[in-house]
Amino acid sequence: MVSVNSTMLPLGTQAPTFDLPDPVGGGRVSLDQLGGAPALLVIFLSNHCPYVKHIAKQLGLLTRRWIARGVAVVGINSNDVHAYPADAPEQMVTFARQAGWDFPYLFDEDQSVAKAYRAACTPDFFLFDGDRRLVYRGQFDGSRPGNERPVTGADLEAAVEAVLSGRPVPEDQHPSLGCNIKWKPGNEPDYFG
């Protein structure tokens with residue numbers, strides 16, 4: 001397992017567009033369809049990553065609460081499914097249901113959306129305000145597989161609560177840590193490695 005930090009995309013970045021298939025819910029989901037939400041949370045995920053598995057249930061609980069309050073949430077899997085068949089779309093359906101995820105879990109087969117967000121790891125979190133400007137990119141919390149810290153989602157939750165209450169999100173943010181995105185051979189971005 002190769003662990004990497006998120007790239008910490010610059011705060012204020014406009015949300016890159018996407019239009020991707022949703023193997024879990026069916027159909028397609030685009031950034032344009034998520035307009036009007038007071039906040040948008042884009043999460044790069046995978047099924048096989050121990051870091052994602054470590055937070056999966058708590059992520060499901062928190063996102064259900066945020067969605068009920070109007071936050072738009074999408075998960076995106078950009079991994080090379082030929083090399084990592086556990087991340088294939090049909091497996092995404094099973095994993096999302098087991099984790100209790102009620103948000104669309106999209107498949108970025110050509111990895112272009114991951115590159116647009118400069119996503120580096122799973123999980124990798126990007127929180128945008130109502131104007132779709134990046135206000136948080138960082139860790140779920142300080143818990144990692146094996147470090148004995150409880151999985152709370154405290155860092156991300158504080159950022160979501162700040163956006164929903166109209167307060168600024170603190171700029172002191174800690175990068176997420178997880179499995180590197182499994183790039184297709186020859187498709188690795190300039191920020192990988």
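Both backbone and side-chain heavy atoms feed into the values below; hydrogens, waters and symmetry mates do not. We number each residue from 1, following the sequence as shown.
The backbone N or O of Leu9 sits nowhere less than 3.5 Å from a side-chain atom of Arg118 that would complete a donor-acceptor pair. Between the Thr7 side chain and the Ala120 main chain, no donor and acceptor come within less than 3.5 Å of each other. Side chain of Lys53 to main chain of Pro145: no donor-acceptor pair is present (N/O by atom type, distance under 3.5 Å, no hydrogens or angles).
Taking the six-membered ring where the residue is Trp, Trp101 and Tyr105 present perpendicular rings, their angle passing 60° and hence far from 30°.
In summary, the side chains of Gln111 and Asn187 do present a donor paired with an acceptor at a separation below 3.5 Å, with no hydrogens or angles considered. Asp32 and Ser30 are not linked by any side-chain donor-acceptor pair at a separation below 3.5 angstrom, with hydrogens and angles left out of the test. Side-chain atoms of Tyr51 and Ser3 form a donor-acceptor pair, as typed in the model, at a separation below 3.5 Å. Judged purely by distance below 3.5 Å, without hydrogens or angles, the side chains of Thr122 and Ser46 pair a donor atom with an acceptor atom.
Taking CD of Gln139 as the start and NE2 of His174 as the end, the distance is 6.0 Å to the nearest 0.5 Å. Rounding to the nearest 0.5 Å places CG of Asn77 at 10.0 Å from CZ of Phe95. Note: Ser143 OG to Leu177 CG = 11.0 Å, rounded to the nearest 0.5 Å. The distance from atom CG of Leu40 to atom CG of Asp129, rounded to the nearest 0.5 Å, is 10.0 Å.
Within a 6.0 Å sphere centred on CD of Glu171, other residues, nucleotides and ligands contribute 12 heavy atoms or fewer.
Under 4.0 Å is where a charged nitrogen must lie from a carboxylate oxygen, and between Lys115 and Glu188 no such pair does. We find that Arg65 and Glu161 are not joined by a salt bridge, their nearest charged nitrogen and carboxylate oxygen being 4.0 Å or further apart. The existence of a salt bridge linking Lys184 and Asp80 is excluded, since no basic side-chain nitrogen approaches an acidic carboxylate oxygen closer than 4.0 Å.
Between Phe125 and Tyr136, the gap from one ring centroid to the other reaches at least 6.0 Å.
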For this session: Apply side chain to side chain contact (heavy atoms under 4.5 Å, CB included) to Val29 and Val74, showing your working.
Result: CA-CA 9 Å; Val29 175; Val74 295; 4.3 Å; yes
Exercise. Could you go step by step and tell me if Gln58 and Phe140 meet the side chain to side chain contact (heavy atoms under 4.5 Å, CB included) rule?
Worked result: CA-CA 10 Å; Gln58 185 65 18; Phe140 190 62; 4.0 Å; yes
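Between Phe44 and Ala114, the shortest heavy-atom contact is CE2-CA, 3.6 Å.
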